[in-house]
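For this chain, numbers begin at 1 and follow the sequence in order. Every heavy atom of this structure was used, including side-chain atoms; hydrogens, water molecules and symmetry mates were not.
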Amino acid sequence: MVEIDPTEHEIADLGPEVNAIEDVEELEEMLALEEDGEDRTPVKTLIESRIETLEAEDEEPESAADIDLTEQTAADVGNLVRDIEEVEDLEALLEQEEAGKDRDSVKRLINQRIDSVQGSEEAEAAEILPPEEAHPDLDHPTADKRHVRALEGGDYRDMWVYCETQHGELIDVSKEMLGKARELMDGYNDEYDEEEKVVAVVIGDDVADLAEETIAYGADVAVYYEDDRLERFRHTPYTEIFCDMARGVDHPYGHEDTRDYEWHGYDEPRYTLFPATHNGRDLSALVQAELDSGLASDCSDLYIEDTVISNPVKVGEAQDKKEFTRVLHMPRPDFSGFEYSTILCLDSPRREFHPQGASVIPGKFEMLDPDSDREGVVVEHELDLAEEWLPATVEDFDRLEGGVDLTDHEVVVCVGRGIDRDPTKGIELGVELADAVEDGAFGLTRGVITSSFQFDGHVEQYTGEDRQIGESGQEVEPNLYIAAGVSGAIQHKVGCDESDTIVAINTDEHADIRDWSDYYIHGDLFEVLPAFIEAAESGDVGEALAEVGVAPAGGSDDD
C-alpha cells in the first residue's frame, strides 16, 4: 500500500513528497491511483519524471568507459559528468566526443568538469587569501570596507520569527509562521535533547498587546519595540532594532549598549523566519545581510534534519563528505509550479553562516488556534533610535481599505492578462465588483504584475505585487472566487483551488481554467463584469448569470 495517495493532495504539495521517494514500484502505484482518480497531467508528469530519474540511476554504467556519448544529449552529459571525479575518465570522454559528434556544447561541459576537478585537487593544498591579498596588483576600491561580519565559533540558539502587523493587528502569515515555528522547535528539542525557544519579534507603535498575543500562537518569548515614529514600516530603524534584539551582549558588531537578557545568552539566533510580504521581503534581506548570512526567499515548506554534503566549497577538500546537523531545509517553488529547489544555508571552512534565514509565502502553513493559557516571557526592548535612522518625517499617508491581506474575505475578484485591451478599465471593473459585494477583495495574477501594461494613476495603487494570487503570491479560500481574464496556469490554480466556488470568465473556450472552475462563462470580461456589478448592486445574481450564459465545470460544450 502506498504511503501517499496523490489524489488526496494538491499539486504544489506533491513536489517535495514525490522527489523524496526512492521506490519505483511505489511511484508506479501512485501513478495508477492518479490515472484512475483525478488524472491530472502535471501530477502524472511529476511522478513519471521521478520514475525515469530512479531508473536512470539504476542503469548508470559502472565506469566512464561504458558511456556512449552518441546516445546522450548535452543535458544528459552534464548530469553524467557531475559524478565523475577522475580527470583521466573525463579526458577519455572528451576524446570520444571529438572523434564522434564533436559537439561544442558537450565538449564545453566536459572541459568545465575537468577544470572543476583539477581546481578542487589543487585547492586542497592552496592557501585561501582575501581578494585584496591574492591580487594586490588589482584596484580594490572596497578594500577598506568591512564586508564580513560573521562570527568565529559563535553560539547560536532559538528560532526567531518576525511578526508583521497591519492596522493594529497581527497579519495572518505571522500567526502561520508562529505555528510552524512551534512545530519545528518541538521536534528539534525532542531530536537533539535541547530546550531552544520560539522568539517572536514585534516592532511598531503600540504593539505591547500584540506581543502578548504571539505567546498564545506558539511563541515562548516575545520581544517588542514600540515608538510612535514606527507606525509605518521604516527600513533602517526596523533593521537596526531587529539586529540589536538578536545579537547577544558584547557582540563584536553590535551596539555598545546592547541589552543583556537573562533568557538570551547566545550570540545570534540559529534560525530566522520572515513573512514573504512586501515589507517582510525587504526586512528579511536587510537583516540577514546585516547579520552576514544567507536567505531563502518565498519558501513554501520548512523542515529541520541532518544532511551529508560533499561540495568542496563547504567541506574544504575534494572528494570528501561531511555531515551537517540541525540544518533548516527551505524548499521553494520554481516557475513550473510543481518543481522545487531546497535551499540550505551551511557554514564553510572559512566562515559561519548564521542565522539560517527564510521568508515564508502567506497561506502555506496552518494557523494554530490561539491558546490563551500558554505562558511565556514578554520583554520590551530598549534602544535609542539614532537620528540618522529616521532622516525623513512622515507627515501624512493614505491607507488602502482592507490592506493587502486577501486571505480572509468571503469574495475575491481576480483579473488576469485578459484585461490587455484596456488595462485601466479592467482594473476599474475588478475593483468595482469587489467593492459591490459584501466582504470582497481584489487581486491579480502574476501575469498582470509582470506585464508592461500602462495604468492610469488612479488605479496604480491596485496593481502592486502585494495583491498577487498564486504559487508565489497569496493563497486564498473565499466562498466565491471570480477569475476574469485568467488563463488558469497551474501556478495560479495553487493560489485559489481551495475556494468553495470558482467562476471563470474568458474569451478562450479552451482556456485551462475551464477544466478546474465550477462555472465557466465564455465571454468578454468587459461585458460580463458590468453585469455582475449590476447584479451585486441589485441583488439579482441569478438574472445576471442567465444573461451572460454559464457553462458547468469540466470543459462542457454547453456555453
*Given the rule in the side chain to side chain contact (heavy atoms under 4.5 Å, CB included) test, do Ile469 and Thr445 qualify, once you have shown the distances and angles that lead to the verdict?*
CA-CA 6 Å; Ile469 297 172; Thr445 66; over 6 Å; no

For this session: Applying side chain to side chain contact (heavy atoms under 4.5 Å, CB included), run through Asp23 and Leu27 and close with a yes or a no.
Result: CA-CA 7 Å; Asp23 188 340; Leu27 289 165; over 6 Å; no

When you look at Arg421 and Asp524, which way does the salt bridge (charged side-chain N to carboxylate O under 4.0 Å, His left out) test go after all the steps? CA-CA 11 Å; Arg421 191 174 82 232; Asp524 188 337; 2.7 Å; yes

**Item:** side chain to side chain contact (heavy atoms under 4.5 Å, CB included) assessment of Val459 paired with Val431
**Value:** CA-CA 9 Å; Val459 302; Val431 172; over 6 Å; no

Working note: Ile21 + Ile4, criterion side chain to side chain contact (heavy atoms under 4.5 Å, CB included); need CA distance, chi angles, decisive distance, verdict. CA-CA 10 Å; Ile21 297 175; Ile4 302 172; 4.2 Å; yes

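The backbone N or O of Gly280 lies less than 3.5 Å from a partner atom in the side chain of Thr277, making a donor-acceptor pair. Side chain of Glu231 to backbone of Asp205: no donor-acceptor contact under 3.5 angstrom is found. Of the possible polar contacts, none joining the Asp456 side chain to the His458 backbone as a donor-acceptor pair under 3.5 Å is found. Counting only distance, with no hydrogens or angles, the side chain of Arg417 and the backbone of Val448 share no donor-acceptor pair below 3.5 Å. A distance-only check finds a donor-acceptor pair linking the side chain of Ser174 to the backbone of Glu164 [under 3.5 Å]. Side chain of Arg332 to main chain of Ala296: no donor-acceptor pair is present (N/O by atom type, distance under 3.5 Å, no hydrogens or angles). A donor-acceptor pair under 3.5 Å links the side-chain atoms of Asp518 to the main chain of Ile502, judged by distance alone. With hydrogens and angles ignored, the 3.5 Å screen pairs a side-chain donor or acceptor of Glu226 with a backbone N or O of Val207.
In this structure, Lys425 places its NZ atom where only 12 or fewer heavy-atom neighbours from other residues, nucleotides or ligands lie under 6.0 Å away. The local environment of CG in Asp369 is sparse, with at most 12 non-hydrogen atoms from other residues, nucleotides or ligands closer than 6.0 Å. Residue Glu460 places its CD atom among more than 12 non-hydrogen atoms of other residues, nucleotides or ligands, all under 6.0 Å distant. Heavy-atom contacts from other residues, nucleotides or ligands closer than 6.0 Å to CG of Asp422 number more than 12.
Between Phe274 and Phe242, the ring center distance clears the sub-6.0 Å criterion.
Taking each heavy atom of Ala441 and Leu406 in turn, the nearest pair found is CB-CD2, 4.0 Å. Considering every non-hydrogen atom in both Leu302 and Ala358, the closest pair reads CD2-CB, 4.0 Å. Of all heavy-atom pairs spanning Val202 and Leu210, the tightest one is CG1-CB, 4.4 Å. Nearest approach of Cys345 to Phe353, heavy atoms of both residues: SG-CB, 3.7 Å. Trp516 and Gly488 make their closest contact through NE1-O, 3.3 Å (heavy atoms, listed as atom of the first residue, atom of the second, distance). Nearest heavy-atom pair across Gly464 and Ile449 is O-CD1, 3.7 Å.
The distance from the CD atom of Glu183 to the NZ atom of Lys180 is 4.0 Å, given to the nearest 0.5 Å. The distance from the CE atom of Met177 to the CD1 atom of Ile361 is 12.5 Å, given to the nearest 0.5 Å. Of the inter-residue distances, the one linking Tyr462 atom OH with Phe442 atom CZ reads 9.0 Å to the nearest 0.5 angstrom. Separating the CD1 atom in Ile203 from the OG1 atom in Thr165 is a distance of 9.5 Å, to the nearest 0.5 Å. For the atom pair OH (Tyr217) and CZ (Arg182), the distance works out to 15.5 Å, reported to the nearest 0.5 Å. Separation of atoms CD (Gln468) and OG1 (Thr463) is listed at 12.5 Å; rounding is to 0.5 Å.
With respect to Asp298 and Arg281, a salt bridge is recorded, a charged nitrogen being found less than 4.0 Å from a carboxylate O. By the 4.0 Å N-to-carboxylate-O rule, Asp512 lies too far from Lys493 to be salt-bridged with it. Note on Arg50 versus Glu22: salt bridge recorded, some NZ/NE/NH1/NH2 to OD/OE distance being below 4.0 Å. Ion pairing between a basic and an acidic side chain is recognised when a charged N comes within 4.0 Å of a carboxylate O; Glu475 and Lys364 show such pairing.
Residues Glu34 and Thr7 bring no donor and acceptor atom of their side chains to less than 3.5 Å of each other. Counting only N and O atoms by type, the side chains of Asp466 and His278 include no donor and acceptor under 3.5 Å apart.
A heavy-atom distance below 4.5 Å is found between the side chains of Glu28 and Val24. Ile304 is not listed as a side-chain neighbour of His329, based on a closest heavy-atom distance of 4.5 Å or more. By the 4.5 Å heavy-atom criterion applied to side chains, Val327 and Leu346 are counted as neighbours. A 4.5 Å side-chain heavy-atom check between Val199 and Pro269 finds every atom pair outside the cut-off. Residues Pro478 and Asp500 are not in side-chain contact: their nearest non-hydrogen atoms beyond the backbone lie 4.5 Å or more apart. Looking only at side-chain heavy atoms (C-beta outward), His235 and Asp282 come within less than 4.5 Å of each other. A 4.5 Å side-chain heavy-atom check between Tyr303 and Thr342 finds at least one atom pair inside the cut-off. Within the 4.5 Å cutoff, the side chain of Leu368 has no heavy atoms near those of the Lys175 side chain.
The aromatic rings of Tyr481 and His492 lie tilted to each other, with the angle between the two planes from 30° to 60°. The aromatic rings of Tyr520 and His522 lie parallel to each other, with less than 30° between the two planes, well short of the 60° mark.
No option in Leu328, Leu291, Leu295 other than Leu291 meets the side-chain contact (heavy atoms from CB on, under 4.5 Å) test with Pro355.
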